[in-house]
Amino acid sequence: MLPPGQRDYSSVRLSRHAAERFIERFGVEPEQAEDGLRRVLGRTRRLGRNPANGAIALLGLHQSRVVVAIIQESTCLTVLTWNQFEPRLGEFGRSKTPRKWGRLLSRLATPLTNPTEPPDDPKPKS
């Protein structure tokens, strides 16, 4: 189960263009591109929605690098680096970079814990 605010989009259809951009921009081997992109999409944070066409921008991480995926109608259309996406923030309803940027990225990078296992340091009940 994902923490609050994170979403799983790993089941969306991947366009050929998105896979090719993932290979090109993130140096992934072609054989591993689809699985790698699905892993990234499995744990994302929504950045915003483009009201003109209904596309959604998602933020994810691949090997400690920021990935922005653009999804429209359950299809991943393309994949961008943060530097490529940042000038387009306004199109997705954001005037500037999200607040607490470092915290947002660290929460995406933190490994998920198994909810069935007890925590390492349980708090005593009062």
Side-chain angles (χ1 to χ4, degrees):
M1 187 168 173
L2 292 173
Q6 294 183 17
R7 297 187 169 108
D8 181 358
Y9 284 93
S10 60
S11 61
V12 299
R13 188 176 87 67
L14 301 178
S15 68
R16 182 183 308 154
H17 177 79
E20 289 170 356
R21 296 298 78 78
F22 191 61
I23 293 166
E24 172 189 318
R25 295 173 178 153
F26 295 93
V28 178
E29 294 297 321
E31 303 80 35
Q32 300 168 346
E34 185 173 335
D35 290 337
L37 186 51
R38 288 200 186 279
R39 264 193 308 279
V40 170
L41 293 173
R43 192 164 179 200
T44 59
R45 185 88 187 196
R46 186 174 161 155
L47 284 173
R49 182 177 172 277
N50 186 331
N53 59 17
I56 299 170
L58 304 173
L59 181 76
L61 288 178
H62 173 71
Q63 297 177 351
S64 300
R65 292 185 60 200
V66 175
V67 177
V68 179
I70 307 298
I71 294 184
Q72 185 177 17
E73 297 177 10
S74 73
T75 302
C76 181
L77 299 178
T78 192
V79 177
L80 305 166
T81 63
W82 179 253
N83 290 338
Q84 292 170 320
F85 177 75
E86 195 171 22
R88 294 178 172 79
L89 276 170
E91 295 174 26
F92 288 87
R94 288 197 179 262
S95 57
K96 50 189 167 180
T97 304
R99 290 184 60 231
K100 300 180 182 173
W101 180 248
R103 182 183 298 175
L104 186 149
L105 294 178
S106 68
R107 287 184 176 166
L108 282 174
T110 304
L112 293 175
T113 57
N114 189 348
T116 59
E117 293 178 6
D120 291 336
D121 191 284
K123 294 180 181 176
K125 294 182 181 177
S126 325

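Atoms CD1 and SG, from I56 and C76 in turn, are 11.5 Å apart once rounded to the nearest 0.5 Å. With rounding to the nearest 0.5 Å, the separation of CG in L47 from CZ in R94 is 5.5 Å. Of the inter-residue distances, the one linking H17 atom NE2 with L77 atom CG reads 8.0 Å to the nearest 0.5 angstrom. Taken to the nearest 0.5 Å, the CE atom of M1 stands 11.5 Å off from the CD atom of Q6. With values rounded to the nearest 0.5 angstrom, T78 atom OG1 is found 10.0 Å from E20 atom CD.
The minimum heavy-atom distance between V68 and A57, with the atom names listed, is CG1-CB, 4.4 Å. Nearest heavy-atom pair across G36 and F22 is C-CE2, 3.8 Å.
For the pair Q63 (side chain) and F26 (backbone), a donor-acceptor distance under 3.5 Å is absent. A donor-acceptor distance shorter than 3.5 angstrom exists from the side chain of Q84 to the backbone of T81, with no hydrogens or angles considered. In this structure a side-chain-to-backbone donor-acceptor pair under 3.5 Å is missing from R46 to R7. Judged by distance alone, with hydrogens and angles left aside, the side-chain atoms of S10 form no donor-acceptor pair with the main-chain N or O of L41 at under 3.5 Å.
Placement of V12 and V40 within a single hydrophobic cluster is found when ILVMFWY residues are connected by side-chain heavy-atom separations under 4.5 Å, directly or transitively. A single hydrophobic cluster is seen to contain both V79 and L58, as judged by linkage of ILVMFWY side chains at heavy-atom distances under 4.5 Å, directly or through other members. Both L105 and L80 sit in one connected hydrophobic cluster of ILVMFWY residues. Membership requires side-chain heavy atoms under 4.5 Å apart, directly or through other members. Two different hydrophobic clusters hold Y9 and F85 under the rule that ILVMFWY side chains link at heavy-atom gaps under 4.5 Å.
At most 12 non-hydrogen atoms from other residues, nucleotides or ligands lie less than 6.0 angstrom from CZ of R107. For E86, the CD atom sits in a packed shell: over 12 heavy atoms of surrounding residues, nucleotides or ligands are nearer than 6.0 Å.
Residues P3 and R43 are in side-chain contact: their nearest non-hydrogen atoms beyond the backbone lie under 4.5 Å apart. Within the 4.5 Å cutoff, no side-chain heavy atoms of K96 are placed close to those of L89. Looking only at side-chain heavy atoms (C-beta outward), V28 and H62 come within less than 4.5 Å of each other.
Not counting sequence neighbours, the partners of N50 by the side chain to side chain contact (heavy atoms under 4.5 Å, CB included) test are A52, N53, A55, E91, F92. Applying the side chain to side chain donor-acceptor pair (under 3.5 Å) rule to R45 yields no partners; only residues at least two apart in sequence or on another chain are considered. With sequence neighbours left out, S15 forms a side chain to side chain donor-acceptor pair (under 3.5 Å) with no residue at all.
Partner of L59 under the side-chain contact (heavy atoms from CB on, under 4.5 Å) criterion, chosen from V67, T44, V66: V66.
Ring-plane geometry between W101 and W82 is classed as tilted, the angle between the planes lying from 30 to 60 degrees on a 0 to 90 degree scale.
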